[in-house]
Structures are given as structure tokens and as C-alpha cells.
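Read the numbers this way: they start at 1 and go in the same order the structure lists the ligands and their atoms.
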Amino acid sequence: MENTTFVEISSLAIAHNLKLFRSLVGAKVLLSCCVKANAYGHGIVESANLMIKNGADWLNVNALYEAEALRNAGITAPIYVMGYVPLKDLHKISELDLRLVVYNLETLVELEKIGKPVNVHLKLETGNNRQGIRDEDLSVFKEFFVNTKFIQLEGTATHFANIEDTLDHSFAMSQLEKFKKMSDNLNPRMRHCANSAAAMLFPETYFDMVRIGISAYGMWPSAETRISVQQESKHEISLKPALTWKTLVTQIKKVPTGEYIGYGCTCRTSRDSKIAILPVGYYDGYDRELSNKAHVLINGKRAPVRGRVCMNITMVDVTDIPDVKLEDEVVLIGSQGDESISAEQFADWANSINYEVTARINDRIPRYVV
Ligand SMILES: *Cc1c(COP(=O)(O)O)cnc(C)c1O
């Protein structure tokens with residue numbers, strides 16, 4: 001896999017996006033960049049280094065192994081763990097100097113037992129109904145913090161349920177009001193709730209820190225967010241996508257009229273065709289939904305996928321593209337010449353969203369910063 005398909009990350013694009021968010025939030029609000037899910041597929045260590053170089057104050061990960069990878073790479077920035085850490089692994093929070101989101105009393109009790117100073121952030125339930133502590137359960141946690149010797153309530157956090165899927169932000173605003181009220185009751189050192197969409201739309205969600213994911217990588221959270229920004233904000237926002245996914249041509253073959261291509265014989269040539277074989281498939285994250293639907297770029301032109309995407313191989317039609325040669329560069333996501341294929345276009349083909357598309361590019365594919 002090493003040399004036949006790879007991902008390039010543009011350091012200029014990351015720099016552009018981070019500069020934009022810094023200008024939105026100002027100097028005093030912490031910029032915390034999400035590098036979970038292998039940095040939305042961009043490569044966790046590579047991306048973390050780029051984020052920090054371009055002004056990120058904190059990094060957010062989902063799991064302990066991600067935080068470990070960052071520390072092993074020598075990254076010393078504050079790391080906030082947003083996912084669940086099993087009770088038996090909680091000793092690593094202080095050992096790796098991490099901050100942890102907490103929404104179970106059991107977690108706090110175990111951390112107290114371990115007896116090392118740690119900073120935690122309480123996740124408050126404001127309407128998403130995934131992680132989070134409900135208002136009526138808050139008093140138990142409050143009581144815990146009165147008596148703890150080792151645990152500092154560094155922050156409160158919440159997460160918006162319906163900010164990117166709609167042009168109507170009333171639900172997000174109701175969550176924000178709940179968050180303020182519950183946070184006031186706890187009086188933490190810091191508060192945070194903004195994701196990319198909130199950071200681009202609502203300064204009143206900034207508090208002490210914003211947690212930026214998708215848009216740090218130059219992608220819009222959704223078409224609705226893009227429209228909302230155009231309608232509601234005073235600022236122009238241009239994002240630069242950082243990721244290009246490439247592969248190469250591994251065979252070019254003539255396929256006469258009337259022959260089938262690929263598993264299931266789902267595609268039959270209607271003319272004498274020239275087919276290029278690509279060494280990527282659904283194992284790599286080239287979704288099987290793209291079968292007979294997607295395009296790739298070769299020599300700056302679009303080549304349609306023919307037949308079903310296989311586990312490691314995909315076939316594309318290059319009949320109309322002159323001079324295709326063995327090992328020519330192929331772009332699966334990104335630009336080539338005047339053409340480009342966005343993660344959003346890819347997501348439409350795959351019945352998915354840009355978040356899932358880039359996050360699913362197989363972790364084993366190398367990431368190069370360019
Ligand atoms: C992933 C995540 C974010 C970032 O969301 P984007 O929409 O990618 O900006 C923020 N907060 C939490 C808790 C997350 O899990």
C-alpha cells in the first residue's frame with residue numbers, strides 16, 4: 001500500500017484555516033483542534049504538529065491511544081480526551097498529563113482513588129442525549145467537587161445536536177441557554193461548547209475555548225452551515241481543503257464493445273473502451289457505493305468508475321482521455337489541473353458526509369505534508 005496510494009496534506013491550507021479561526025475568536029479564546037479519527041483522516045501526528053505550528057493551543061482526541069500517539073511523538077501541548085476512558089486505564093490521564101471529559105461519577109471516584117492531581121471537564125447534557133450529565137443529577141457531582149483532594153473541575157462542556165443540519169438555529173440556542181445555566185451552577189474555571197459551525201456562526205458560543213474539527217481541515221460542516229454563514233455573519237469565510245488523496249494507474253487495457261467489467265457484471269461497455277486499473281478499493285476507504293458512480297482525475301480530466309469497486313482494485317474509463325500511461329497520477333479527492341473532486345462530492349456519491357469520507361481513508365495509507 002505504501003507507494004501505490006497516499007494522502008497529501010497541504011500545510012498552507014492548514015495555516016490558512018487556522019489563521020481564519022484565530023481571527024474569528026481573537027487572542028484570548030483558546031483554539032482547540034480536534035485530531036480524533038486520525039485527524040479526520042489527515043494523519044494524527046502530522047496534523048497535530050501543523051495545528052500547533054499554526055497557533056492551536058490545545059488538541060482534542062477521542063481515545064487514550066490517540067493521546068498516547070501524540071505524547072510519543074513528543075507533542076507537549078495540552079490534550080483533552082473527549083471519549084470514554086475505561087476505569088482500569090484512568091491512571092494514564094495523569095501519567096500522560098491529559099485532561100479528561102467526565103460524565104460518570106464512577107470515573108471521578110476512580111480518579112480520586114488513584115490519588116494524582118488531574119483536570120477534568122464535566123460534560124453537561126443540554127439536548128444531544130449522548131454523553132452528558134442531566135441537570136437533575138448535577139448536585140451529586142457538585143458535592144463530589146466539594147470533597148475531592150485531587151480532582152480539579154477545570155471546565156464544563158457541551159456539544160450541539162442540531163447546528164449543522166439546519167438553517168434554524170433555535171435548538172442550538174436553547175442548548176446554549178441550558179449550558180450557561182448549568183455552568184453557572186458549577187462555576188468552573190473555563191467553559192466550552194463551540195464546534196466548527198458554532199465558531200463560524202455564533203461568537204456567543206466561544207466562552208473560553210472553541211473545539212474546531214472539520215473546518216480546521218478546510219471543509220464545511222455542511223451546506224447549511226455555509227448558507228447560514230452567508231446569511232447571518234458579517235465576515236467572509238473561505239476555507240481551504242487540506243487533503244488530496246492520490247493513487248496511480250497500474251494497467252491500461254482495451255475492452256471491446258459488449259464486454260462486462262468487474263464483479264457482478266454490473267457494467268457493460270457500449271463502445272470499444274480503454275479501461276485503467278487503480279490499486280484502491282473499499283479496504284482503503286474508497287467506498288463501494290462509488291461503484292458505477294464516481295469519477296477520478298487523470299491528466300486533469302474526469303474518468304468515471306466502471307463496475308463495482310473491489311476490496312483493493314477499482315476500474316475507470318479513460319477512453320476519452322488521451323495519452324494515459326502506466327503509473328500516471330490519479331486523484332481520488334482533490335484537484336488536478338482545472339478539475340477537482342471535493343470530499344463533499346465524494347460524500348454525495350457515497351450517501352455519506354465529508355466527515356465520514358476523509359475519516360475512513362485507511363489509517364495505513366501514508367500521509368505526507370506538502
Ligand atoms: C468532533 C467534535 C468537535 C468538532 O466538531 P466539528 O464539527 O468537526 O468542528 C467538537 N466537540 C466535540 C465534543 C467533538 O466530538
Side-chain angles (χ1 to χ4, degrees), residues 14 17-18 20-22 24-25 29-42 44 47-48 51 56-64 66-67 78-85 98-103 120-133 154-166 169 171-172 175-176 179 183 190-203 205-226 228-229 237 239 241-243 343-344 347 352-360:
I14 299 282
N17 301 325
L18 276 253
L20 173 99
F21 278 102
R22 178 57 74 194
L24 285 178
V25 305
V29 173
L30 295 176
L31 255 188
S32 190
C33 289
C34 297
V35 294
K36 63 192 181 190
N38 199 26
Y40 293 50
H42 293 62
I44 183 165
S47 299
M51 298 295 176
D57 300 295
W58 286 29
L59 298 168
N60 305 326
V61 298
N62 175 61
L64 211 44
E66 297 168 322
I79 297 175
Y80 172 56
V81 181
M82 304 191 293
Y84 185 72
V85 174
L98 311 173
R99 276 97 177 142
L100 179 66
V101 73
V102 174
Y103 40 88
V120 301
H121 295 230
L122 282 190
K123 189 70 168 271
L124 305 179
E125 181 53 67
T126 61
N128 205 358
N129 280 317
R130 52 174 217 189
Q131 300 165 321
I133 304 160
E154 186 174 45
T156 52
T158 198
H159 192 52
F160 292 110
N162 193 28
I163 199 159
E164 52 270 297
D165 296 311
T166 174
H169 295 112
F171 194 78
Q175 283 190 269
L176 182 61
F179 178 58
S183 293
M190 60 188 285
R191 305 164 190 220
H192 48 98
C193 64
N195 55 10
S196 297
M200 291 191 283
L201 284 167
F202 303 116
T205 63
Y206 294 172
F207 300 101
D208 303 289
M209 180 166 90
V210 296
R211 308 185 304 259
I212 306 298
I214 191 107
S215 300
Y217 303 98
M219 293 178 281
W220 284 88
S222 67
E224 287 82 356
T225 304
R226 193 169 193 164
S228 300
V229 165
I237 290 184
L239 297 171
L243 179 143
E344 292 72 27
S352 182
I353 54 173
N354 47 8
Y355 290 79
E356 188 181 17
V357 164
T358 61
R360 283 215 173 160

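- Side-chain contact between Met190 and Leu30 is present, with at least one heavy-atom pair separated by less than 4.5 Å.
- The residue among Tyr355, Tyr40, Tyr80 with a heavy atom at the shortest distance from atom 4 (C) of ligand 1 is Tyr40.
- The distance criterion of under 3.5 Å between nitrogen or oxygen atoms is met by Gly213 with respect to ligand 1.
- Counting heavy atoms from C-beta on, the side chains of Tyr40 and Ser47 never come closer than 4.5 Å.
- Ser215 is linked by a side chain to side chain contact (heavy atoms under 4.5 Å, CB included) to Phe21, Ser196, Met200, Pro221, Leu239, counting only residues two or more places apart in sequence or in another chain.
- Looking at Pro221 against ligand 1, nothing comes within 4.0 Å, counting heavy atoms.
- Contact annotation: for Arg130 versus ligand 1, heavy atoms closer than 4.0 Å belong to the side chain alone.
- Between the side chains of Ser222 and Thr225, a donor-acceptor pair is found at a separation under 3.5 Å.
- Enclosure of atom CZ in Arg191 by more than 12 non-hydrogen atoms of other residues, nucleotides or ligands within 6.0 angstrom is indicated.
- In this comparison of His192, Gln131, Arg211, Met200, the heavy atom closest to atom 11 (N) of ligand 1 sits on Arg211.
- Residue contacts with ligand 1 for Met82 involve side-chain atoms from C-beta outward but no N, CA, C or O (heavy atoms, distance under 4.0 Å).
- Counting protein heavy atoms only, atom 5 (O) of ligand 1 is closest to Asn195 CB, 3.5 Å.
- Under the 3.5 Å distance criterion, with hydrogens and angles disregarded, a donor-acceptor pair is assigned to the side chains of Arg211 and His192.
- Near Ile214, with a cut-off below 4.0 Å to any heavy atom, the atoms of ligand 1 are 6 (P), 8 (O), 9 (O).
- When only non-hydrogen protein atoms are considered, atom 9 (O) of ligand 1 lies nearest to Ser196 OG, 2.5 Å.
- For Val29, the side chain to side chain contact (heavy atoms under 4.5 Å, CB included) partners two or more places apart in sequence, or in a different chain, are Val25, Tyr206, Val210.
- Between Ile212 and ligand 1, a contact under 3.5 Å exists for no N or O pair.
- Nearest to atom 2 (C) of ligand 1 among the protein's heavy atoms is Lys36 NZ, 2.5 Å.
- Counting only heavy atoms from C-beta outward, the side chains of Asn60 and Lys36 never approach each other to under 4.5 Å.
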